[in-house]
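Below, chains carry the letters A, B, ... as their sequence lines are ordered, and counting in each starts from 1.
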Amino acid sequence: MATRLKPVVWGLCLSPLATLAGRGYLGRLTANPIEYLTHQTGFWALVLLCATLAITPLRRLTGWSWLVRLRRLLGLFAFGYAALHFTIWLAIDRGFAWDDILADLVKRPFITAGFAALLLLLPLAITSTRGWVRRLGRHWLWLHRLIYLAAPAAALHFFWKRSSKLDVFEPVLFAALIALLLAARIPGWLHHRAAATRS
Amino acid sequence: MPPYDDIPAAEITPESLYLDRRRFLRLGAAGALGALLPAAAAGCEQPRRNAADPDAQERPDRPTSYEDITSYNNFYEFGLDKGDPARNARTLRPRPWSVAIEGLVAKPGVYGLEDILRGVTMEDRIYRLRCVEAWSMVIPWRGFPLADLVRRVEPLPGAKFVEFQTLYDPEQMPGQRSRTLDWPYVEGLRLDEARHPLTLLATGLYGRDLPNQNGAPLRLVVPWKYGFKSIKSIVRIRFVERQPVSSWERANPGEYGFYSNVNPDVDHPRWSQKNERRIGELRRRDTLMFNGYGDQVAQLYRGMDLRRYF
């Protein structure tokens, strides 16, 4: 099932990028294309982070164990959009003005949070290959729980960016969704722990 | 000057003519420009004079396209996205329109827009507009000095500040149904700021009537302050003794002050104000003190601590 669905997931994950490319070709990236591209890539990074986090609860809910085979693809696309988001900011928006960039990273909490989220996702992207899964063994699972920190950091980044504009509907929605997806894991852990104690 | 509504379309300066002005700007031919623009405006239309900026000669101010000026707006009365006002503002009915003049003036009253515009001399002025969000445009406004109106309504000696209000009508301004701000939108100026010759009441841009999303039919333009001070679709002007509390000040006093003068040295808590993205350009520009109008307005703030009165 996962094998058959993979092309669909590829298509879905690429469609925001294709849309942006199409809009760019037609000159429809608004009057401020850099801001628009930054916002869109950040938005889709968050959507895909949520999708990645949704796999485990969905699998428990439905019993479809093949879902887990889509998770790496979703996670890598989430990282891809986050990296694109960061690169647009670094290279185009800030034009590699390192002094300004460092000052922003230190002085602006929303930028610090966003950068932290990206840094937390980086080792996950690197160790996503079969080889690394094998090499890291049981540590791999622990390492990849960094997404439990990265996703809230990304939501906080979005919330802090927006909060001054009183326009926090979307960030609050993401934060709530991420909180829900993390909370959905608690029953599983409790169950696991209870089972471990019994045996 | 005929009533503003009655100017035949053919007499309105075509956009291409405005765009031609950039040639004068580029050449730095202030004299040639002076022939096109009223004297008061000519002083602000020279290329960037900041000697510390090596780009100054290569990067003159060019009018932002009509398309960009009218499709990228912060006007929360029509939605929070910058594309929303252009999409949603058709519900606004800019005619007929009246403006209540209230408070400490000898001639208070509710004036029809035609009455306000009768007897004023319309001018075309190209101003930089710097948004507090660190983007900027160059906009050819049409309007008249607020000072003219102030003079006509005769402020009483007690009047120290002017408070402005935007229309409050959720039928016409659907964004007012959500409480993103404490409606109606309120802004204020010190009386001397209101009387400053650069301060404009605008009724048009690029020689045409203001599109609804740009604050039709009457808006303020204060080019040395962040854009949100330039309140749109004004229905009330009140002369008062005490400093008004503006909408953004009320919403977030730590981030937005009453003065809100463009100042590259005082950061917004969430971002730097050192530079800005000029709409239509790729590389950021340095932000200029008082948005480059310091020669004209710095004396208004002499002796004030601009970090405290931000």
Say whether, by atom type as modelled, one donor and one acceptor occur between the side chain of Arg270(B) and the main chain of Trp160(A) under 3.5 angstrom.
yes
Considering residues, nucleotides and ligands other than [X], do more than 12 of their heavy atoms fall under 6.0 Å from its [atom1]?
X: Tyr148(A); atom1: OH; result: yes
X: Arg145(A); atom1: CZ; result: yes
X: Arg177(B); atom1: CZ; result: yes
X: Arg135(A); atom1: CZ; result: yes
X: Trp66(A); atom1: CH2; result: yes
X: Trp142(A); atom1: CH2; result: no

Enter the distance from [X]:[atom1] to [Y]:[atom2] here, rounded to the nearest 0.5 Å.
X: Glu35(A); Y: Ile279(B); atom1: CD; atom2: CD1; answer: 7.5 Å
X: Tyr36(A); Y: Asp81(B); atom1: OH; atom2: CG; answer: 8.5 Å
X: Lys107(A); Y: Trp271(B); atom1: NZ; atom2: CH2; answer: 14.0 Å

According to side-chain hydrogen bond (donor to acceptor under 3.5 Å, both in side chains), who are the partners of [X], at least two apart in sequence or on a separate chain?
X: His144(A); result: Thr127(A), Trp140(A)
X: Glu187(B); result: Lys229(B)
X: Thr56(A); result: Arg71(A)

Step by step, work out the side-chain contact (heavy atoms from CB on, under 4.5 Å) result for Ile34(A) and Leu282(B).
CA-CA 8 Å; Ile34(A) 298 168; Leu282(B) 193 62; 3.8 Å; yes
Applying a criterion of heavy atom separation less than 4.5 Å, what residues of residues 85-102 of chain A form contacts with chain B?
Ile92(A), Asp93(A), Arg94(A), Asp100(A)
Measuring only between side-chain heavy atoms, which start at C-beta, is Asn32(A) closer than 4.5 Å to Arg277(B)?
yes
